[in-house]
Protein chains: 2
Amino acid sequence: MTSLPGVLGDLDPTSDRAVFRQIADQLRDAIAHGRFREGEKLPSEAELVEHYGVSRMTVRHSFSLLQGEGLVHAEHGKGVFVRPRPPVRRLASDRFARRHREQGRSAFLVEADTAGSHPTVDRLEIREEKAGQDIATRLGSVRRVLARRRRYLLDGRPVEFATSYLPLDIARGTPIAEPNPGPGGIYARLEELGHRLDHFEEEIRARMPTPTETKTLQLAPGVPVIHLIRTAYDTGDRAVEVCDTVMAADAYVLSYQLPAT
Amino acid sequence: MTSLPGVLGDLDPTSDRAVFRQIADQLRDAIAHGRFREGEKLPSEAELVEHYGVSRMTVRHSFSLLQGEGLVHAEHGKGVFVRPRPPVRRLASDRFARRHREQGRSAFLVEADTAGSHPTVDRLEIREEKAGQDIATRLGSVRRVLARRRRYLLDGRPVEFATSYLPLDIARGTPIAEPNPGPGGIYARLEELGHRLDHFEEEIRARMPTPTETKTLQLAPGVPVIHLIRTAYDTGDRAVEVCDTVMAADAYVLSYQLPAT
DNA sequence: CCTCTTTAGATATCTAGACGAGTAGCCGAG
DNA sequence: CTCGGCTACTCGTCTAGATATCTAAAGAGG
């Protein structure tokens, strides 16, 4: 039997705090103070049942709290572990700078290299479709669009799922409609087609994932997603692309530079 | 008895999907399709127990799943309700523009007015303290700082908790150390003190809240937070302020403009 | 008419089990 | 030495209750 008392305290029966919360508090505290390290196995349910003298369901309730907070994850047949924080990818606000396109590098690859990771693209799908209300509005009431879907992985782990929408009258029959749009990505092609890019607008939300997103991004419980919607405008102030991106929040830090003017 | 069969289907005993997941799926689907509207009460635990012929713990397990996704919230003694989406505050990237400061308005008030809401500031606390590792690094190895903490509320609901850190040698004895720093906020004061602002850098993360944050922001279960760290640089490229902000993710949309150059 | 009490119905917490299923190590049969 | 099976330990799912607490509405008493 593990000497749990050295790591975990006792329950306070006089407290009005629910038992399963007290247990969660102690575990959370122990993790925060490094008494359990990243990837380390927590005491098993049976051990905690014995240590605290409670029912197994109560211990499981505590675990499910911590799981909801993204602090731990359970592995069937093995145990409950402190969830390691994955390396984060930093997205700088200059990631679409023209100099990167002119070097023939796509934004994702540029970023991945600076992080020293191995990037992959996956589930590429290109279709012509009717845009939804929101996308159509952003594109200036354009309904017929080309949609480019793809999933990005870093060292084999899916981190991002993105869909680019482009007006059909711009993209149809161009390299943009091809699986590999060529060096510099679709933004480079747009400029070659005469749509010199002027600026981007990005909208950022954070929320819990839908079940579909959980599956696509293989998200652990308690990991939110960052939902980013980028609109690209050309120098004629026309919206030439809308990119809808869902990112695993534990894998990203976004970084922006704002002028003070 | 409510005619649940009209809204919810039956279980599939042959499916290998766990019963509590099947129930959650059906409820999630019903909510997504508007068969239960925002704020509407879901069937009670007892009704679902009867409808599906399962134990109460199983129904509760389903509810706790949906709660973790932020889809529903339970009110003790009343029922389980579809969580209404609160109105979101849109933070534009020009919110620190000098023209706003020159009009004597703080960034928070400017934003709140455009949203037509009633803003409040709360729990103002100003202290001199020793900066943590991270803050010190961002401020250029400055350890002694003035910390300005405050909570922001919108129509009475807490939405944001922020701490500004400023080097003591800049802020001590100035209006910045006062509860009300005067028109235009601390950025206006910094410029008066000779630190003309050049640009800001913002770092954005999303994660689940700590228990402290849950309490401070009165967050419902299943609502992530947006963690924003802004560093302000003056024209001498010195970091003159670091602002650490935790926002209720369901109350915000961040918006940025990026140049394409 | 107002206030306090009662009561029914709702969720919150907890127990003590049962069975299922994945993991890992041991150990014997081939 | 390898493969298979046994077994102990793990988490996953589900049951059938018990007790507590909260809410809202109905009822009793002033």
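Lettering follows sequence order; numbering is per chain, from 1. These values consider heavy atoms only, across backbone and side chains, with no hydrogens, waters or symmetry-generated copies. Given the structure is predicted, the values throughout are model-derived calculations rather than measurements.
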task: Take the protein atom CD of A/Glu47 and the nucleotide atom P of D/dT10, then report the distance between them rounded to whole Å.
output: 6 Å

- prompt: Around B/Arg85, counting heavy atoms of other residues, nucleotides and ligands shown, do more than 12 lie under 6.0 Å from its CZ?
  reply: no

- request: Calculate, to the nearest 0.5 Å, the distance between atoms OH and CG belonging to A/Tyr252 and A/Leu228 respectively.
  value: 10.0 Å

message: Using whole Å, what does the distance between atom P of nucleotide C/dA24 and atom NZ of A/Lys41 come to?
response: 12 Å

- line: Rounded to whole Å, the CZ-P distance (A/Phe81 to D/dT10) equals 11 Å

Enclosure of A/Lys215 NZ (heavy-atom neighbours >12, cutoff 6.0 Å): no

- request: Flag the pair B/Glu201 / A/Tyr256 as yes when at least one side-chain heavy-atom distance between them is below 4.5 Å, and no otherwise.
  value: no

- prompt: Does the side chain of B/Asp122 come under 3.5 Å of the side chain of B/Thr120 through a donor N or O and an acceptor N or O?
  reply: no

query: What's the CD-C1' distance between A/Glu45 and C/dG22, to the nearest Å?
result: 13 Å

- prompt: What string of B, S and - do you get for nucleotides 13-21 of chain D, 5' to 3', if B is base contact, S is sugar-phosphate-only contact and - is no contact with any protein heavy atom under 4.0 Å?
  reply: BBBB-B--B

- line: When rounded to whole Å, the OH to C1' distance for the pair A/Tyr52 and C/dT15 reads 18 Å

query: Does the side chain of B/Lys78 get closer than 4.0 angstrom to OP1 or OP2 of D/dA24 through an N or O atom?
result: yes

query: Is it the case that A/Tyr52 and A/Gln22 place a side-chain donor and acceptor less than 3.5 Å from each other?
result: no

